[in-house]
Amino acid sequence: MSLTASTPSESEPEVRTAAGALRGSREAGLAVFRGIPFAESPVGALRFAAPQPVPGWDGVRAAVSYGPPPPQSGVFGTDAPARETGDGWLTVNVWTPEPSTGAGLPVMVWIPGGAYVIGASSLPEFDGGRLAGEGVVVVTLNYRLGIEGFAQIEGAPANRGLLDQVAALQWVHDNIRAFGGDPDRVTVFGQSAGGGSVAALLAMPRAAGLFRRAVAQSVPGTFFSPELAADIAAACATELGLRPTVADLSTVAPSRLPAAADAISAKIGQWKDRWGQITHRPIPFAPVVDGDVLPATPWQALAEGAGRDIELLVGHTRDEHRLFSLIDGVLGQVTQQDAETALRILAPGPDGARRYRDGFPAAGPEELYELVNADWLFRMPTLRLAQAHTTAGGRTHVYELTWPAPGLGGALGACHGLDVPLVFGNLGSGQPALLIGEPPSPETEALSARIRTAWTAFAADGDPGWPGYDLEQRLVQLFDTRPAVTAYPEETSRQLWQDHTFPALPLAGG
């Protein structure tokens with residue numbers, strides 16, 4: 001942290017927040033402020049606690065560098081940049097076209113994804129410059145991950161990672177006017193675990209009133225019961241020779257905890273009879289339906305009217321699972337046994353496997369494997385969120401990204417994560433840019449521009465440019481080289497899953 005007295009300049013814009021003054025930088029005509037703390041460092045006496053307010057400071061604080069990434073796994077090869085070290089993980093970054101209190105611009109708050117175990121706002125794919133250039137204030141944030149953020153620990157509040165997100169949204173509500181934003185026009189948006197976080201926020205009483213609109217991209221259907229979450233936490237603690245309590249786990253440095261979670265992930269099949277479907281992926285962490293921080297699953301809460309006054313934009317990619325098949329080393333090598341196992345574990349209902357085979361009679365093993373994995377983890381949870389919100393009277397818009405990724409030889413289709421570079425317009429930086437290929441084609445640039453226009457228009461006035469979703473016509477926007485509005489195209493999958501409620505995942509015998 002750097003505190004100085006200074007005079008603001010065109011190249012070093014300054015704003016005053018509730019905690020003190022900040023000096024940022026100017027990049028491509030935007031004022032940019034990085035590494036702003038929205039909560040105290042969650043270490044020492046605050047370890048595993050709900051986020052606490054930041055004390056104020058005198059002088060002017062430099063806000064030109066990202067805060068350190070939260071402690072996280074490195075097993076996915078997506079290590080967050082470690083340019084900054086330390087324990088001040090809970091920071092936000094702001095890009096604004098007009099840092100003045102009267103600008104009243106729409107605000108878009110990004111929640112990074114990463115299976116609730118990896119990710120950071122400092123990743124280059126989340127640079128908000130190009131999106132903010134569309135006339136919005138963009139905020140990106142960090143939150144606690146893995147054991148720190150989501151493990152069910154005795155003596156700690158559940159869902160600390162979600163509580164961090166609420167604290168960041170509260171910071172936005174209290175301070176964004178100074179950056180040119182309108183606190184009454186806040187849109188929260190996120191993809192994958194970020195989309196699941198957005199869904200959770202819609203269901204959380206603590207988040208009520210902190211945002212007006214929400215964009216949930218590729219929402220995962222994994223929400224845990226307290227019993228399942230506690231059993232997983234116990235296994236992680238046992239890996240360290242400890243109990244799953246604040247007292248015990250606080251003795252372990254935060255940087256060491258991800259390795260314990262990685263060890264459990266690596267042998268998660270040992271618990272398949274207790275933990276069920278999550279051992280197939282594996283998914284050791286997710287939001288916990290604890291009855292307090294998160295009173296119900298998003299699907300149940302929205303169907304009962306939670307978030308009815310929040311305008312929702314929600315969607316998924318067509319080939320959600322193909323990226324994971326590549327990561328798992330089975331792309332192009334799925335066997336009949338692989339497909340049968342996936343259908344048996346994931347397809348809904350006692351005869352789900354048969355109904356998948358009947359519903360997709362021309363599909364071979366690989367297509368069936370891809371379909372049931374994509375439907376279980378992302379496609380159907382996303383669609384059902386739209387249906388729940390619509391049923392309760394909420395205004396909902398739905399999209400599907402069908403544009404096939406040209407990168408990596410075009411093998412991944414419209415895969416998971418392809419929407420991220422298109423939404424941010426960062427087509428040549430960060431790992432997702434590998435999906436785009438070099439150089440980005442004019443068609444790719446045009447598609448990204450259309451998506452950015454839709455997202456920012458939705459943030460401005462709730463209209464992304466296509467009709468709202470209803471339960472009769474089920475109109476959705478297809479994003480492709482030639483965009484189209486049509487009835488939801490995954491009709492067979494929709495019917496296969498129409499009676500599934502996406503309950504909190506249980507512990508066998510729990």
Side-chain angles (χ1 to χ4, degrees), residues 1-3 17-20 22 34-59 61-63 65-74 79-93 112 116-122 141-171 174-175 206 229-230 233-234 236-262 285 288 290 292-293:
M1 179 175 71
S2 175
L3 298 181
T17 70
L22 296 165
R34 294 183 171 91
I36 308 166
F38 66 82
E40 276 270 53
S41 300
V43 296
L46 299 181
R47 188 84 180 275
F48 303 113
Q52 299 299 309
V54 172
W57 58 83
D58 297 322
R61 178 178 181 136
S65 300
Y66 289 111
Q72 59 194 270
S73 168
D79 292 18
R83 291 186 295 271
E84 298 287 329
T85 59
D87 51 31
W89 319 313
L90 302 184
T91 59
V92 293
N93 318 290
Y116 308 104
V117 294
I118 60 170
S121 60
S122 50
L141 61 91
N142 285 345
Y143 57 98
R144 282 172 282 182
L145 302 166
I147 293 173
E148 294 283 346
F150 291 94
Q152 189 80 349
I153 298 170
E154 185 181 329
N159 298 306
R160 296 169 298 282
L162 297 180
L163 292 175
D164 292 344
Q165 296 166 15
V166 172
L169 287 168
Q170 185 66 56
W171 181 92
D174 296 343
N175 293 283
R206 286 170 174 81
C236 292
T238 298
E239 190 70 23
L240 296 160
L242 301 171
R243 297 168 301 156
T245 66
V246 169
D248 273 24
L249 291 174
S250 292
T251 65
V252 181
S255 61
R256 284 186 53 215
L257 284 185
D262 289 349
F285 299 103
V288 182
D290 66 307
D292 176 21
V293 175

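Please read all numbers here as calculations on a predicted model, not as lab measurements. Numbers for residues simply follow the sequence, beginning at 1. Below, all heavy atoms of this structure are taken into account, side chains as well, without hydrogens, waters or symmetry copies.
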J.: Determine the minimum heavy-atom distance between R243 and D248, stating which atoms define it.
T.: N-OD2, 2.8 Å
J.: Please tell me if the side chains of R160 and P42 come closer than 4.5 Å, counting only heavy atoms from C-beta onward.
T.: no
J.: For the pair N142 (side chain) and P69 (backbone), establish whether a donor and an acceptor sit closer than 3.5 Å, ignoring hydrogens and angles.
T.: no
J.: Please name all residues satisfying salt bridge (charged side-chain N to carboxylate O under 4.0 Å, His left out) with R34, sequence neighbours left out, ordered by chain then number.
T.: E27, D127
J.: Determine the minimum heavy-atom distance between P157 and L163, stating which atoms define it.
T.: CB-CD1, 4.1 Å
J.: Could you list the residues that satisfy salt bridge (charged side-chain N to carboxylate O under 4.0 Å, His left out) with D174, not counting sequence neighbours?
T.: none
J.: Residues two or more places apart in sequence or in another chain: which of them pass ring pair (Phe, Tyr, Trp, His ring centres under 6.0 Å) with W89?
T.: none
J.: Quick one: salt bridge (charged side-chain N to carboxylate O under 4.0 Å, His left out) partners of R256, sequence neighbours excluded?
T.: none
J.: Scan the side chains in residues 145-154 for donor-acceptor partners under 3.5 Å anywhere in the protein, sequence neighbours excluded, and list what turns up.
T.:
{"unit_1": "E148", "atom_1": "OE1", "unit_2": "R47", "atom_2": "NE", "d": "3.2"}
{"unit_1": "E148", "atom_1": "OE2", "unit_2": "R47", "atom_2": "NE", "d": "3.0"}
{"unit_1": "E148", "atom_1": "OE2", "unit_2": "R47", "atom_2": "NH2", "d": "2.7"}

J.: Distance-only, no hydrogens or angles: does the N175 side chain make a donor-acceptor pair with backbone N or O of A18 under 3.5 Å?
T.: yes
J.: Using salt bridge (charged side-chain N to carboxylate O under 4.0 Å, His left out) as the criterion, list what pairs up with R144, not counting sequence neighbours.
T.: D164
J.: How far apart are the closest heavy atoms of S121 and Y66, and which atoms are they?
T.: O-CE2, 3.8 Å
J.: Go through the steps to decide whether T17 and W171 satisfy the test side chain to side chain contact (heavy atoms under 4.5 Å, CB included), and finish with yes or no.
T.: CA-CA 9 Å; T17 70; W171 181 92; 4.3 Å; yes
J.: Minimum heavy-atom separation for F38 to V54, with atom names?
T.: C-CG2, 3.6 Å
J.: To check you understand the geometry: which heavy-atom pair defines the closest contact between A167 and P51, and what is its length?
T.: CB-CG, 3.8 Å
J.: Taking T238 for the side chain and G241 for the main chain, is one N or O donor matched with an acceptor at less than 3.5 Å?
T.: no
J.: C236 and A260: which non-hydrogen atoms are nearest, and at how many Å?
T.: O-CB, 4.0 Å
J.: Does any non-hydrogen side-chain atom of W57 lie less than 4.5 Å from one of L22?
T.: yes
J.: Are the side chain of Y143 and the backbone N or O of V166 linked by a donor-acceptor pair below 3.5 Å?
T.: no
J.: Under the side chain to side chain contact (heavy atoms under 4.5 Å, CB included) rule, what do L249 and L240 come out as? Steps first, then yes or no, please.
T.: CA-CA 9 Å; L249 291 174; L240 296 160; 4.2 Å; yes
J.: Taking the side chain as everything from C-beta on, heavy atoms only, tell me whether L257 gets closer than 4.5 Å to P71.
T.: no
J.: Keeping the roles fixed (side chain from N159, backbone from V288), state whether a donor-acceptor pair exists under 3.5 Å.
T.: yes
